[in-house]
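Note sheet for the following structure.
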Amino acid sequence: MNKQYKPREIEQKIYESWEKNKCFSPKDSASKFSIVLPPPNVTGTLHMGHAFQHTIIDVLVRYHRMLGKSVLWQPGTDHAGIATQLVVENRLSSSGVDPKSLSREKFIEEVWNWKELSGNTIISQTKRIGSSADWSRNRFTMDDGLSEIVKNIFIDLYDKKLIYRGNRLVNWDIKLQTAVSDLEVINEEKDGFLYHLIYSIKDSDESIVVATTRPETFFGDTAICVNPSDERYKKLIGRKIVLPMMNREIPIISDEIVDMEFGTGCLKITPAHDFNDYKIGKKHNLDFINILNKDGTLNEKVDKKYVGKNIHDVREELITDLEHLGVLREKVPYKNVVPVGERTGEIIEPLLTNQWFMNMTDLAKEGVDVVKEKKVNFVPKHWEKIYFNWLENIEDWCISRQIVWGHRIPAWFDENGNVYVGTCEDNIRTKYKISDSVKISQDNDVLDTWFSSALWPFSTLDWKKDDAIFNKYFPTNLLVTGFDIIFFWVARMIMMSLKFTGNIPFNKIYIHGLVRDSEGKKMSKSIGNVIDPLDVIEGISLDQLLEKRTTGLLSDNQKSNVIKKTKRDFPSGIKEYGADALRFNFCAMASTGRDINFDLKRIEGYRNFCNKLWNASRFIILACNDYDYKENQISKDSSIFDKWILYKLDSVVADFKKYTTNYRFDLMANSIYDFVWNEYCDWYLEISKNQMNDTTKNNLIFSIVRIIKVCHPIIPFITEDIWKEFYDKGFVTEPMLINSNFPSQIRISKEYDIESRVLKIKEIIKKVRKTRAELGIHPKEIIDVKIFVKDASLLKDISENTSLVNAMSNIKIEMVSQEERNVEFIDLIDDDYTLYLKIRRMIDTQAELRKIEKRIDELRRIIEKIDMKLNNKDFIERAPSDIINQNISNKTKIENDILSLRSLKNTLSD
RNA sequence: AGGCGCGUAGCUCAGCUUGGUUAGAGCGCCACCUUGACAUGGUGGAGGUCGUUGGUUCGAGUCCAAUCGUGCCUACCA
């Protein structure tokens with residue numbers, strides 16, 4: 001074995017051997033554990049969020065696999081309609097091809113080509129972090145099988161009248177020229193103005209003033225609305241105003257929705273271009289005047305001068321015109337919220353269009369019920385509120401998109417606009433008895449990507465195709481995902497599974513936090529603060545990192561800042577830490593759903609941990625080189641230390657189980673870290689050096705094998721590599737760790753005082769070390785120590801282990817049978833024993849005395865506090881007796897400490 | 001505006017559900033140590049009035065109320 005742990009040399013080879021040996025396919029077993037991967041975008045690359053999520057999943061998957069279950073981790077990717085289409089369009093454009101010049105078929109072919117080219121990137125990256133998904137079952141939402149299910153489900157929902165076609169106001173992205181989901185619209189606060197416009201009232205000299213942030217929509221106004229109880233305007237209700245420039249008459253109506261306090265208390269209504277106005281328009285039966293073309297230009301319904309101009313460009317021009325006409329009364333600065341398309345950054349326009357909708361009322365109710373009935377549970381629980389809130393306010397889902405990459409809607413129109421839904425043209429003609437003479441053509445729209453994602457938990461598990469697979473693995477045990485995706489995925493998966501399989505898709509939903517940069521900012525290409533998980537695994541030079549971070553920035557003037565920060569935070573780039581360290585870090589940071597601030601120093605710590613584990617294994621291999629290990633069991637004549645370490649290891653095993661059930665991966669990681677480093681390496685391995693007999697050798701091997709197993713789900717690569725060494729040495733018989741069994745508790749000892757006995761010995765060693773360090777006595781100088789032991793069991797333990805105590809604190813110990821008072825010695829006093837240290841040489845006496853005084857004062861204050869409790873009648877009467885006893889024994893202990901300190905003080909003062 | 005989090009050591013975070021050790025960890029810092037698994041290491045240490053104020057209680061980092069700071073989500077009054 002190498003002296004140093006080098007992840008680069010082992011990780012890829014190990015992953016290949018797992019794949020070659022088909023380790024990720026489910027084993028045959030009665031009990032199962034299954035999980036579907038929320039499909040990542042096929043055009044994307046792996047980011048920290050994926051890496052975090054995959055780590056959590058993989059820990060659970062590997063653990064359950066080691067428990068001997070049939071484990072299926074179902075992977076795959078999502079076709080991401082709009083995002084993918086944009087990528088391909090941009091590629092075509094930059095190679096000089098106008099995407100719009102291609103036919104639908106040709107364009108789709110281009111997308112498939114691109115998918116073949118880039119679609120595997122994220123998969124190979126996922127493998128690089130060790131994900132043990134069953135790649136032989138990899139699925140893609142546009143695959144034939146999945147597409148078939150999508151189509152059939154659409155038809156079924158249509159036949160059940162849950163999907164319908166309607167002319168409604170939708171969020172329209174004028175750049176993409178498609179409807180987008182309101183989840184894909186970001187509301188941004190922007191500086192704007194509140195424009196006060198004067199409309200004159202027909203057949204009178206009077207006028208009315210409306211306030212608006214979007215004056216350009218006035219071309220489409222079809223009413224003015226005031227509050228019915230507004231004294232200022234009451235008399236005007238029912239009158240008409242004349243729309244300036246247009247000379248169109250529109251009524252003044254009234255509705256309680258109008259806030260009298262805001263603006264002028266007078267609202268212009270543009271039903272075809274505003275969601276609230278739409279509702280008012282419906283309620284009051286107003287005209288709906290659409291003033292917009294699909295590309296965002298104004299149509300012939302507006303003043304001639306403005307026809308063909310982009311609605312986002314005309315505001316200034318229009319305001320000038322209105323000012324000339326005397327229509328503009330004032331312009332008040334105002335912060336308003338503007339809806340912006342997530343993908344394009346374009347202002348989203350509400351637009352009246354024909355779209356396909358899914359009625360969500362009943363589906364949502366069932367989705368709420370299963371969570372209320374605890375059939376589906378969120379971890380952490382508070383996310384269910386978010387879930388309820390969304391489902392309880394849900395509107396019908398607009399499922400059609402005006403793009404070409406995606407599942408084409410299985411609907412056909414005849415020349416009169418009648419709609420027919422079926423699997424194909426032939427099916428339609430039979431189903432609806434349409435003769436061949438009638439021309440029909442398929443709808444050009446495709447389905448929202450999330451429609452197919454909603455089916456993912458059952459469509460990927462061979463629903464209606466392979467009952468054996470489906471019945472075995474569905475419902476899945478768990479969904480691991482980010483909170484930002486609760487609506488996109490979680491809610492819709494639940495609703496669609498209930499509808500079509502009659503069952504929930506998973507019974508637990510673990511919601512993890514966001515991975516942020518070290519300052520807590522969201523990682524984003526446009527801010528230039530992204531850290532790629534692959535770069536943490538394999539390392540990256542500063543130059544390459546700078547190049548990565550300065551491409552894709554929002555603006556050029558950010559560049560120098562990004563360069564400065566990157567140089568400050570990563571002066572020599574990023575070192576190679578390996579996938580295991582990254583995974584351990586994610587586990588350690590995964591507390592109760594909190595966001596993670598990504599800290600490289602922390603990763604380094606876990607890389608060091610890997611090195612520690614590596615070297616502990618190496619030590620045991622070297623130490624046991626001559627030992628013929630064949631019995632996988634505990635020797636009868638184990639020392640208390642042998643028993644103690646197995647006892648501690650047992651509780652780590654128990655912890656692991658507990659922390660998988662309550663999803664506390666941070667505590668799991670800490671439990672392992674603390675045990676391996678602070679107990680096993682710092683104490684047991686050091687102790688073993690002083691008692692390197694066959695029993696200990698046996699116990700070293702027995703324990704390290706168990707440790708490697710327990711560590712494997714978190715850090716699979718290094719443990720599998722160490723396992724190979726163990727296999728070669730005959731420590732284990734199973735060739736691959738991934739296929740081995742997770743340790744169960746062995747409940748090693750019936751001697752329940754083992755831990756406290758070992759603790760005593762550790763305490764003696766630590767006391768000596770501490771005194772030595774405080775007095776500045778060189779580590780190499782052997783101190784003469786006498787010990788008087790009152791407790792019989794301790795007396796036995798010490799006499800049997802004097803050489804060990806000597807070696808670990810570099811002293812020469814002598815057992816004495818009575819108290820010794822001697823000025824040459826300082827006393828370290830405890831309940832059960834007193835230590836006398838012969839200190840010949842002292843350094844900086846004054847500083848030492850000051851420290852001792854300070855410490856004595858501290859301890860006195862603590863005693864005062866305890867006394868206050870003990871002297872309090874209420875405390876004695878009301879507090880439970882074990883608490884009182886605890887306080888009493890603490891007091892004794894602290895008093896002993898003070899005595900020891902006084903002895904030290906006296907010795908020093910002499 | 002409403003909802004949900006967060007505020008504990010220089011930094012990143014546990015601990016709060018179920019109140020009771022001298023409030024913990026990693027990193028960083030200081031001193032010493034190139035001892036045969038590991039300097040990606042060892043030994044020891046310094047560092048915290050648990051955001052603030054009140055309340056409940058024998059006892060509050062933990063429960064309650066208020067308040068300040070901060071982050072996110074939802075909805076928006078045009």
Side-chain angles (χ1 to χ4, degrees), chain A residues 1 3-5 187 194-195 210-214 217 225 257-259 261-270 274 276-277 334 336-337 380 382-383 385-386 389-390 393 483-484 514 518 520 522 575 577 581 588-589 591-602 604-623 664 666-667 670 673-674 678 681-682 685-686 689 766 769-774 776-780 807 809-810 851 858-859 861-863 865-866 868-869 872-880 882-884 886-887 889-890 893-894 897:
Chain A
M1 266 177 109
K3 192 171 166 181
Q4 279 189 341
Y5 149 68
N187 291 311
L194 200 54
Y195 301 88
V210 300
T212 179
T213 52
R214 301 201 64 196
T217 62
C225 191
I257 202 164
V258 179
D259 179 355
E261 307 297 317
F262 187 85
T264 61
C266 200
L267 179 61
K268 72 192 246 324
I269 307 295
T270 324
D274 182 285
N276 287 321
D277 293 3
Y334 182 71
N336 61 335
V337 176
H382 67 258
W383 289 107
K385 282 189 194 162
I386 312 272
N389 187 38
W390 189 70
N393 295 297
F483 65 86
D484 48 339
L514 233 55
S518 61
K522 205 167 166 175
K575 278 184 273 181
Y577 293 106
M589 301 303 289
S591 60
T592 49
R594 269 178 85 128
D595 285 355
I596 291 180
N597 289 359
F598 196 82
D599 182 6
L600 265 189
K601 297 304 277 182
R602 195 88 190 229
E604 186 162 338
Y606 294 120
R607 193 270 321 259
N608 296 352
F609 174 82
C610 291
N611 187 60
K612 193 77 180 172
L613 187 64
W614 179 269
N615 272 289
S617 308
R618 177 165 169 263
F619 166 71
I620 292 169
I621 287 170
L622 294 175
R664 287 301 302 266
D666 58 329
L667 300 179
N670 286 339
Y673 186 101
D674 182 60
N678 301 329
C681 291
D682 284 354
L685 292 191
E686 293 307 319
K689 290 175 187 171
K766 282 166 101 166
R769 283 174 175 175
K770 188 174 161 173
T771 311
R772 172 197 291 281
E774 280 191 341
I777 296 163
H778 196 274
K780 278 191 170 165
S809 46
N810 201 26
K851 261 204 256 173
E858 273 173 25
L859 293 176
R861 272 196 296 277
I862 295 162
I863 287 198
K865 267 198 209 164
I866 296 175
M868 244 159 62
K869 284 187 196 173
N872 184 336
K873 209 178 85 197
D874 285 330
F875 177 75
I876 299 296
E877 277 170 11
R878 299 184 193 210
D882 56 324
I883 297 294
I884 296 173
Q886 210 173 68
N887 275 283
S889 77
N890 268 339
K893 191 171 181 316
I894 295 167
D897 285 351

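Each chain gets a letter, A, B and so on, in the order the sequences are listed, and its residues count up from 1.
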- For the pair A:Arg607 (side chain) and A:Arg602 (backbone), establish whether a donor and an acceptor sit closer than 3.5 Å, ignoring hydrogens and angles. no
- Item | Nearest to side-chain heavy atoms of A:Asn615, which nucleotide of B:A37, B:C13, B:G45 | B:A37
- How is A:Tyr673 classified with respect to the nucleic acid when contacts are heavy atoms under 4.0 Å: base, sugar-phosphate, or nothing? sugar-phosphate
- Closest to the A:Gln4 side chain: B:G41, B:U40, B:A78? B:U40
- Query: CG of A:Asp682 versus C1' of B:C38: gap in Å, rounded?
  - Reply: 11 Å
- Note on the structure: RNA chain B nearest-nucleotide lookup for A:Tyr606 and A:Leu667: closer to the 5′ end is A:Leu667
- Query: With respect to the side chain of A:Val337, which nucleotide from B:G20, B:C76, B:A78 is positioned closest?
  - Reply: B:C76
- Task: Would you indicate what A:Asp674 reaches in the nucleic acid, counting non-hydrogen atoms under 4.0 angstrom: base, sugar-phosphate, or nothing?
- Result: nothing
- Could you tell me how the ring of A:Tyr5 sits relative to the ring of A:Trp614: parallel (under 30°), tilted (30 to 60°) or perpendicular (over 60°)? tilted
- Item | A:Ile863 and A:Leu859, any side-chain heavy atoms less than 4.5 Å apart | no
- Task: Would you mind reading off the distance between A:Asn678 atom CG and B:A25 atom P, rounded to a whole angstrom?
- Result: 9 Å
- Item | Closest to the A:Asp599 side chain, choosing from B:U21, B:U12, B:A37 | B:U12
- Which comes earlier along RNA chain B counting from the 5' end, the contact point of A:Gly605 or that of A:Ile620, where each point is its nearest nucleotide? A:Gly605
- Compare the minimum distances between each of B:C6, B:G45, B:G20 and the side chain of A:Lys770, then state the nucleotide with the smallest one. B:G45
- Which of these nucleotides, B:A75, B:A37, B:U40, is closest to any side-chain atom of A:Arg618? B:A37
- When we call it a touch if two heavy atoms are under 4.0 Å apart, what does A:Tyr577 touch: a base, just sugar-phosphate, or nothing? nothing
- Query: Where does the angle between the aromatic ring planes of A:Trp383 and A:Phe483 fall among parallel (under 30°), tilted (30 to 60°) and perpendicular (over 60°)?
  - Reply: parallel
- Message: So if I take every side-chain heavy atom of A:Asn611 and compare against B:G5, B:U43, B:U40, which nucleotide ends up nearest?
- Response: B:U40
- Note on the structure: In whole angstroms, the gap separating P of B:U57 from CD of A:Glu877 amounts to 16 Å
- Taking the side chain as C-beta and beyond, is there a heavy-atom pair between A:Thr213 and A:Tyr195 under 4.5 Å? no
- Message: Check whether A:Arg618 reaches the backbone of A:Leu613 with its side chain - one donor and one acceptor, N or O, closer than 3.5 Å.
- Response: no
- Measure from the side-chain heavy atoms of A:Ile894 and tell me the nearest of B:A39, B:A78, B:U22. B:U22
- Item | For atom CD1 of A:Ile883 and atom P of B:G19, their distance in whole Å | 11 Å
- Message: Nearest whole Å is fine: how far is B:G59 P from A:Ile862 CD1?
- Response: 20 Å
- Looking across every strand, which nucleic acid part, if any, lies under 4.0 Å from A:Leu685 by heavy atom: base, sugar-phosphate, or nothing? base
- Message: I want to verify a distance call: between B:G26, B:G20, B:G41, whose nearest atom is closest to the A:Arg602 side chain?
- Response: B:G26
- Could you check whether A:Met589 gets within reach of a base, just the sugar-phosphate, or nothing at all, counting any heavy atom under 4.0 Å? sugar-phosphate
- Query: Reckon A:Lys689 touches a base, only the sugar-phosphate, or nothing at all at heavy-atom distances under 4.0 Å?
  - Reply: base
- Looking at every strand, decide which applies to A:Arg769 at a 4.0 Å heavy-atom threshold: base, sugar-phosphate, or nothing. sugar-phosphate
- Query: B:C76 C1' sits how many Å from A:Leu194 CG, rounded?
  - Reply: 14 Å
- Which nucleotide in B:G26, B:G20, B:U22 has an atom nearest any side-chain atom of A:Leu859: B:U22
- Answer with base, sugar-phosphate or nothing: what part of the nucleic acid does A:Arg594 contact at a heavy-atom distance below 4.0 Å? sugar-phosphate
- Query: Does A:Lys612 make a cation-pi contact with A:Tyr673, if we ask for NZ or CZ under 6.0 Å from the ring centre and within 45° of the axis?
  - Reply: no
- Would you classify A:Cys681 as touching base, sugar-phosphate or nothing, given that sugar-phosphate means primed atoms plus P, OP1 and OP2, and contacts are heavy atoms under 4.0 Å? base
- Task: Indicate, with a heavy-atom threshold strictly under 4.0 Å, whether A:Asn890 touches base, sugar-phosphate, or nothing.
- Result: sugar-phosphate
